[in-house]
Amino acid sequence: MKLSGRGVSLSLTASVLFALMPGYVRELAPLDGVQVFAQRVLWSIPAVLLLLMLTRQWPAFIAVLGRLKREPLLLASLPIAAVLIGLQWGLFLWAPLQGRMLEVSLGYFLLPLAMVVAGRVFYAERLRPLQLVAVLCALAGVLHELWLTRAFSWLTLVTALGYPPYFMLRRWMKLDALSGFILEMAVLAPLAIWLIASFSPPGAFSQAPQLWWLIPGLGLLGTLAFAAMMASSRLLPLGLFGILSYVEPVLLFAVAVVFLGEPFNPAQLWTYLPIWLAVLLIGGDSAMLLRRQARKGF
């Protein structure tokens, strides 16, 4: 596959849009993280339906509905996938309201490495030398954080370790991205409606009338980011797509410290620096692999 400038632009656009979400969520007061999560689930459904229509993927979606009727295990696995992605969404939206976005951004730094380990353990994918060094660097950062705080943040752990089971399950389910996404949101919709009906702050929309357009905007922002990410994944070699995915946690870290004003302990540099080094090693290893493939004409 040739390098696509449009694919690179779309990937960077997705990372920027995802990084904007923590600051956007801050503007949704007096809604708390639970309410923001519920509203995002509901407003994502019409946004993804519109995306299905614009991309003309209705036949693929109808085919997936047919599979659900024929494959009981696929139907049974759908709620599990919905819960896994719902948990990650909830934490991503809850953290900036609690001033804990740095802990989530650290989880996103660790996530690519967690995926490498999952590939080795569950799919027998061999680690190349630089990948092994990267894993050891990340482990050094984790051990320093444990020594510094005497407890590794549960937010970081859930973010880093919660996504690999979701990706593995989605890989087994063999659903296209948009069809799987809208089905997961449909499973979560009853929960979202119940949360809004039971716990929505009284008079929230009258106190903050901007919520009438900010809430739909949240669903649109998340859907556009998702659409850009999926479009770039089709236009770019998988290795390059993976390298560019590291832009998001870097931006999340910058947003948390610079724009959201979250405190940063200088001692934590010895947590973040080995992890950043691990990210650079993974990226460098992937880049060298891509160059070798290009020379061989793959």
Side-chain angles (χ1 to χ4, degrees), residues 7 10-11 13-15 17-18 21 36-93 107-108 111-112 114-115 118-119 122-123 158-193 195 218-238 241-242 244-245 248:
L10 285 168
S11 179
T13 298
S15 293
L17 291 176
F18 279 126
M21 292 191 71
V36 173
F37 162 75
Q39 294 283 356
R40 183 185 175 186
V41 167
L42 289 184
W43 282 99
S44 292
I45 293 174
V48 179
L49 286 173
L50 177 63
L51 195 59
L52 279 171
M53 181 178 67
L54 293 176
T55 56
R56 299 179 180 178
Q57 294 193 38
W58 282 111
F61 179 58
I62 293 172
V64 167
L65 294 179
R67 284 186 59 200
L68 290 176
K69 295 179 181 179
R70 299 190 305 270
E71 302 176 30
L73 281 179
L74 179 61
L75 183 61
S77 64
L78 187 59
I80 300 174
V83 168
L84 289 173
I85 194 62
L87 175 63
Q88 296 297 335
W89 271 31
L91 291 179
F92 187 80
L93 296 171
Y108 279 103
L111 174 59
M115 293 296 293
F122 296 101
Y123 298 105
V158 172
T159 301
L161 303 180
Y163 268 113
Y166 171 74
F167 288 130
M168 290 165 63
L169 180 60
R170 284 295 302 268
R171 182 174 180 175
W172 173 83
M173 294 168 73
K174 297 180 181 178
L175 299 179
D176 68 274
L178 290 180
S179 297
F181 183 69
I182 195 169
L183 289 173
E184 290 164 356
M185 294 304 100
V187 170
L188 292 173
L191 172 63
I193 293 171
L195 289 173
L218 176 67
L220 181 61
L221 178 63
T223 301
L224 288 175
F226 180 79
M229 180 185 70
M230 295 311 301
S232 69
S233 71
R234 292 193 298 270
L235 293 171
L236 293 174
L238 188 60
F241 176 70
L244 291 172
S245 70
E248 182 181 343

Has the side chain of Gln39 got a donor or acceptor atom that lies under 3.5 Å from a matching backbone atom of Ala192? no
On a heavy-atom basis, which atom in Pro190 and which in Val187 lie closest, and how many Å separate them? CD-O, 3.3 Å
Answer whether the closest heavy-atom distance between the side chains of Gln57 and Leu51 falls below 4.5 Å. no
Nearest heavy atoms of Gln88 and Val158, plus distance in Å: NE2-O, 2.9 Å
Evaluate Thr223 against Leu50 for side chain to side chain contact (heavy atoms under 4.5 Å, CB included), listing each step before the verdict. CA-CA 10 Å; Thr223 301; Leu50 177 63; over 6 Å; no
Apply side chain to side chain contact (heavy atoms under 4.5 Å, CB included) to Leu75 and Lys69, showing your working. CA-CA 8 Å; Leu75 183 61; Lys69 295 179 181 179; over 6 Å; no
Does the side chain to side chain contact (heavy atoms under 4.5 Å, CB included) test come out yes or no for Leu188 and Met185, once each step is laid out? CA-CA 5 Å; Leu188 292 173; Met185 294 304 100; 3.9 Å; yes
Does the side chain of Leu17 reach to within under 4.5 Å of the side chain of Thr13, using non-hydrogen atoms? yes
Below 4.5 Å, heavy atoms only, C-beta onward: do Leu73 and Trp172 meet side chain to side chain? yes
In terms of relative ring orientation, are Phe167 and Tyr163 parallel, tilted or perpendicular, with 30° and 60° separating the classes? parallel
For Ile45 and Ala189, the nearest pair of non-hydrogen atoms, with its separation, is CD1-CB, 4.0 Å
Main-chain N/O of Lys174 paired with Arg67 side-chain donor or acceptor, under 3.5 Å: yes
Between Trp89 and Tyr166 (judged by ring centroids, cut-off 6.0 Å), do the two rings come close enough to count as a pair? no
Using side chain to side chain contact (heavy atoms under 4.5 Å, CB included), reason through Leu175 and Leu74 one step at a time and then give a plain yes or no. CA-CA 10 Å; Leu175 299 179; Leu74 179 61; 4.2 Å; yes
Roughly how far, to the nearest 0.5 Å, is the CZ atom of Phe92 from the CG atom of Leu87? 13.5 Å
From Arg40 CZ over to Leu221 CG, what is the distance, rounded to the nearest 0.5 angstrom? 8.0 Å
Interatomic distance, Met173 atom CE to Asp176 atom CG [nearest 0.5 angstrom]: 11.0 Å
Do the side chains of Arg170 and Glu184 get close enough for a salt bridge, i.e. N-O under 4.0 angstrom? yes
Measure the spacing between CG of Leu49 and CD1 of Ile182 and express it to the nearest 0.5 Å. 3.5 Å
Those residues that, when tested against Val83, pass side-chain contact (heavy atoms from CB on, under 4.5 Å) (two or more places apart): none
Could you tell me the separation between the OG atom of Ser44 and the CG atom of Leu218, rounded to the nearest 0.5 Å? 7.0 Å
So which atom in Val64 and which in Ser179 form the shortest heavy-atom distance, rounded to 0.1 Å? CG2-CB, 3.8 Å
Shortest non-hydrogen contact between Ala14 and Ala228, atoms and distance: CB-CB, 3.9 Å
Shortest non-hydrogen pair, Leu42 vs Pro46, comes out as O-CD, 3.0 Å
